[in-house]
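These numbers were taken from a predicted model, which means no experiment stands behind them. Sequence lines set the chain letters: A, B, ... in the order given, protein chains first and strands last, and positions in each chain run from 1.
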Number of protein chains: 4
Amino acid sequence: MKLQLDTKSGVPYYRQIIEQVKVAVAHGRLAPGEQLPTVRRLAVDLSINPNTVVRAYRELEIEGVLETQQGSGTFVGHQRPEIDDLERHRLLDQIVTELLARASSYGFTLDDVLGGLVQRKEASS
Amino acid sequence: MKLQLDTKSGVPYYRQIIEQVKVAVAHGRLAPGEQLPTVRRLAVDLSINPNTVVRAYRELEIEGVLETQQGSGTFVGHQRPEIDDLERHRLLDQIVTELLARASSYGFTLDDVLGGLVQRKEASS
Amino acid sequence: MKLQLDTKSGVPYYRQIIEQVKVAVAHGRLAPGEQLPTVRRLAVDLSINPNTVVRAYRELEIEGVLETQQGSGTFVGHQRPEIDDLERHRLLDQIVTELLARASSYGFTLDDVLGGLVQRKEASS
Amino acid sequence: MKLQLDTKSGVPYYRQIIEQVKVAVAHGRLAPGEQLPTVRRLAVDLSINPNTVVRAYRELEIEGVLETQQGSGTFVGHQRPEIDDLERHRLLDQIVTELLARASSYGFTLDDVLGGLVQRKEASS
DNA sequence: GTGGTCTAGACCACC
DNA sequence: GTGGTCTAGACCACG
């Protein structure tokens with residue numbers, strides 16, 4: 001399980017953690033019962049404040065995605081989170097918008113970006 | 001030029017303005033030299049405070065996307081930074097890599113992003 | 001770190017803050033990683049509105065001179081700003097111009113001012 | 001008499017004009033009775049709005065630096081302010097102190113300022 | 001307690 | 001009329 005923070009996006013860290021954990025669980029990359037990194041460990045890995053991790057884990061627990069066992073750690077729950085399709089669409093939209101916005105700062109058009117992506121797709125296939 | 005704010009996304013208004021202007025420039029919907037809505041006008045249109053518009057325009061000016069002419073208005077800038085093609089492509093590549101990484105950590109594939117882009121392209125034509 | 005505002009020069013406060021911080025960082029008087037005064041603190045010290053400080057810090061962050069960590073403070077970035085020699089020269093020129101302008105309002109000539117400065121130099125050595 | 005505007009400094013044009021005229025008078029480059037460029041002429045030369053020149057001239061007239069003669073033009077005034085020598089020197093001292101403080105907060109030393117002044121003197125001779 | 005965003009409204013500078 | 005600067009003060013996000 002590898003989490004990554006985007007420091008430039010303006011999206012709060014704890015939200016990024018929540019979203020990524022949820023997706024990983026929904027996709028099965030994190031299996032029910034599997035242990036997550038400890039709060040301290042993850043905080044160190046991501047170079048953020050432990051409280052931020054605590055907050056993310058707490059919200060995920062409230063949603064039933066995670067379960068904490070006092071003294072032993074935090075684990076993936078047995079109930080799969082449902083990912084809201086609408087929410088998901090908005091997320092993708094936001095990413096695309098940011099991609100285009102950043103690209104345009106350097107004078108790239110939508111077609112330039114499209115070309116770059118197609119090229120990448122071909123390279124990977 | 002039509003701007004719209006998403007009041008529920010949690011993304012700050014000024015950031016939404018910035019990104020939409022950049023995207024419009026990337027699309028060619030805003031041509032170099034073209035005048036943008038005045039600060040007060042846009043503020044009224046979007047039902048927000050003029051200072052919020054000022055802030056967005058200001059950041060866009062710092063980045064070189066817009067140019068302001070005291071007393072007459074705000075305009076799309078002419079100067080696209082002249083960097084050589086190789087450097088340009090390295091930059092685009094870097095941006096794409098970064099955003100794909102972010103997309104993938106949310107569970108999106110290259111195809112998802114590609115699809116989102118194509119949709120934008122169609123919407124604008 | 002001691003900042004000073006010149007209230008008579010007509011140069012905006014936020015610009016003066018930006019310039020002085022940049023110089024201090026470039027000179028090493030502010031070391032990378034060092035914390036700056038908090039927004040509220042500096043506002044009180046300079047007797048200005050916190051938003052004015054926010055604005056200065058914000059621009060410095062965009063330029064990469066400062067880094068802010070939500071909830072903990074504002075710090076000097078790890079990338080040194082290069083002070084454009086031209087920029088620096090312009091700044092000195094501006095100061096000299098103002099010195100002469102103010103002096104001339106009272107009928108002093110360039111030589112009068114020069115004399116005053118030389119005297120001061122001797123007194124200090 | 002050659003005026004130049006610094007468009008990047010953030011200092012208002014009319015203020016730059018005022019200061020440069022004052023400096024020129026202090027240098028003796030503009031002698032009492034000498035005619036200044038007409039409003040329109042200077043506006044064209046500096047590529048600014050005539051109203052901006054009008055404003056600068058008006059303030060200089062209020063201060064007694066210039067005198068306008070309706071229909072014939074604007075001229076350097078004859079009146080030197082009369083204050084006693086002691087008071088005069090206290091004033092000069094105060095101005096110098098103030099500007100040195102400002103210079104030092106931008107990282108300039110007394111010698112830097114002195115150098116700048118000497119350069120002016122040479123340029124004008 | 002830190003910075004971030006936004007509003008409301010004043011006054012200035014410039015065309 | 002345009003944008004630029006600053007204040008005062010509210011509320012939120014984060015650590």
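- The base of E:dG9 sits with one of its N or O atoms less than 3.5 Å from a complementary donor or acceptor on the side chain of B:Asn51.
- Atom CZ in C:Arg55 sits roughly 11 Å away from atom C1' in F:dG3 (whole-Å rounding).
- Look at CG on D:Leu46: it is 13 Å from P on E:dC14, rounded to the nearest Å.
- We find that CD1 of B:Ile48 is positioned 16 Å from C1' of E:dG9, with the value rounded to whole Å.
- The side chain of B:Thr74 contributes an N or O atom lying less than 4.0 Å from OP1 or OP2 of F:dG3.
- When Watson-Crick and G-U wobble pairs are counted only if both distances are under 3.5 Å, E:dC14 pairs with F:dG1.
- Counting to the nearest Å, the P atom of E:dC15 and the CZ atom of B:Phe75 are 13 Å from each other.
- Taking side-chain N and O atoms only, B:Tyr14 has a distance below 4.0 Å to OP1 or OP2 of E:dT5.
- Atom pair C:Leu60:CG and E:dG4:P shows a separation of 12 Å (rounding to whole Å applied).
- You'll find that the side chain of B:Val39 is closest to F:dG3, out of E:dC14, F:dG3, F:dT5.
- A straight line from CZ of A:Arg15 to P of F:dA13 spans 8 Å, rounded to a whole angstrom.
- Seen from the ring of B:Tyr106, A:Arg88 does not count as a face-on cation partner, given the 6.0 Å and 45° thresholds.
- When the side-chain nitrogen and oxygen atoms of A:Thr52 are compared with OP1 and OP2 of F:dG15, one or more of them lie within a distance under 4.0 Å.
- Position along DNA chain E of the nearest nucleotide to B:Gly71 versus C:Gly73 favours C:Gly73 as the more 5'-ward residue.
- Note: B:Leu30 CG to B:Leu36 CG = 5.5 Å, rounded to the nearest 0.5 Å.
- Checking E:dT5, E:dA13, E:dT7 against the side-chain heavy atoms of B:Gln70 singles out E:dA13 as nearest.
- Neither side chain, C:Thr68 nor C:Arg58, offers a donor N or O lying under 3.5 Å from an acceptor on the other.
- The CD-P distance, from A:Gln16 to F:dA13, rounds to 16 Å in whole Å.
- Residues C:Val54 and D:Tyr13 each lie close to DNA chain E; by heavy-atom proximity, the contact nearer the 5' end of the strand is made by C:Val54.
- With F:dT2, E:dT5, F:dG15 as the candidates, the nucleotide lying closest to the side chain of A:Asn49 is F:dG15.
- In summary, D:Glu98 and D:Arg102 do not engage in a salt bridge, as defined by a charged side-chain N under 4.0 Å from a carboxylate O.
- Counting all heavy atoms, side chain and backbone alike, C:Pro81 lies closest to C:Ala26 at O-CB, 4.0 Å.
- Donor-acceptor pairing under 3.5 Å, judged by distance alone, is present between the side chain of C:Arg40 and the base of E:dG3.
- Taking side-chain N and O atoms only, B:Ser72 has no distance below 4.0 Å to OP1 or OP2 of F:dG3.
- Taken from CG in C:Leu92 to OG1 in C:Thr97, the straight-line distance is 9.0 Å, to the nearest 0.5 Å.
- Taking atom CG of A:Leu42 as the reference point, atom P of F:dG15 lies 13 Å away to the nearest angstrom.
- Side-chain N/O atoms of B:Thr38 include none lying less than 4.0 angstrom from OP1 or OP2 on F:dG1.
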